[in-house]
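Read the structure below first, then the notes.
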Amino acid sequence: MQDNLTYENALSELEQIVSAVERGELPISELTVKLKRAQELLAFCQTQLTQVETDINALLTPKTEVR
């Protein structure tokens with residue numbers, strides 16, 4: 001996976017792959033490679049969303065003071 005991959009870039013690439021598969025535009029020889037890439041992109045996006053959710057929850061959870 002690319003070091004500079006962003007959620008938005010990954011999602012866009014994933015959408016392009018899905019669209020190409022749905023339209024039947026992928027040659028059989030590329031299908032497996034593209035589906036593996038889609039699986040990687042999906043995992044990346046899920047990880048990013050989980051991290052953002054964790055960060056937001058941490059920010060919204062009131063901190064208790066230690067005395």
Side-chain angles (χ1 to χ4, degrees):
M1 191 94 38
Q2 302 168 0
D3 290 336
N4 60 350
L5 187 63
T6 65
Y7 174 84
E8 291 78 10
N9 291 342
L11 185 59
S12 176
E13 185 178 347
L14 183 58
E15 289 171 342
Q16 290 172 3
I17 293 170
V18 169
S19 180
V21 169
E22 288 177 342
R23 290 189 309 264
E25 294 178 350
L26 290 176
I28 295 297
S29 59
E30 290 182 34
L31 190 57
T32 300
V33 172
K34 290 292 186 180
L35 290 178
K36 285 181 182 178
R37 177 64 176 163
Q39 189 175 34
E40 292 172 356
L41 293 166
L42 184 56
F44 176 82
C45 289
Q46 288 173 328
T47 299
Q48 293 295 304
L49 289 173
T50 299
Q51 184 60 53
V52 168
E53 181 180 29
T54 299
D55 293 347
I56 289 172
N57 285 335
L59 291 170
L60 296 178
T61 302
K63 304 281 190 244
T64 56
E65 288 187 32
V66 178
R67 294 182 189 220

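Checking side-chain atoms of S12 against main-chain N and O of E8 turns up no donor-acceptor pair under 3.5 Å.
Counting heavy atoms of neighbouring residues, nucleotides and ligands inside a 6.0 Å radius, atom CD of Q39 does not exceed 12 of them.
A continuous path of Ile, Leu, Val, Met, Phe, Trp and Tyr side chains, each step under 4.5 Å between heavy atoms, connects L35 with L42, placing both in one hydrophobic cluster. A single hydrophobic cluster is not seen to contain both L14 and V52; linkage of ILVMFWY side chains at heavy-atom distances under 4.5 Å, directly or through other members, places them apart.
Not counting sequence neighbours, the partners of L60 by the side chain to side chain contact (heavy atoms under 4.5 Å, CB included) test are I56. Under the side chain to side chain contact (heavy atoms under 4.5 Å, CB included) criterion, A10 pairs with L5, L41, F44, C45, sequence neighbours left out. Among residues two or more places apart in sequence or in another chain, the side chain to side chain donor-acceptor pair (under 3.5 Å) test is passed with T47 by none. Every residue meeting the side chain to side chain donor-acceptor pair (under 3.5 Å) condition with D55, not counting sequence neighbours, appears here in chain and number order: Q51.
Atom-to-atom distance recorded for K36:NZ and I17:CD1 is 13.5 Å, nearest 0.5 angstrom. With rounding to the nearest 0.5 angstrom, the CG atom of L11 is 10.5 Å from the CD atom of E13. Rounded to the nearest 0.5 angstrom, R37 CZ and Q16 CD are separated by 11.0 Å.
Clustering of Ile, Leu, Val, Met, Phe, Trp and Tyr by side-chain heavy atoms under 4.5 Å joins L59 with none of the others.
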With a cut-off of 3.5 Å and sequence neighbours excluded, list every side-chain donor-acceptor pair involving residues 20-29.
from, atom 1, to, atom 2, distance (Å)
R23, NE, E25, OE1, 3.3
R23, NE, E25, OE2, 2.6
R23, NH1, S19, OG, 2.0
R23, NH2, E25, OE1, 2.7
R23, NH2, E25, OE2, 3.4

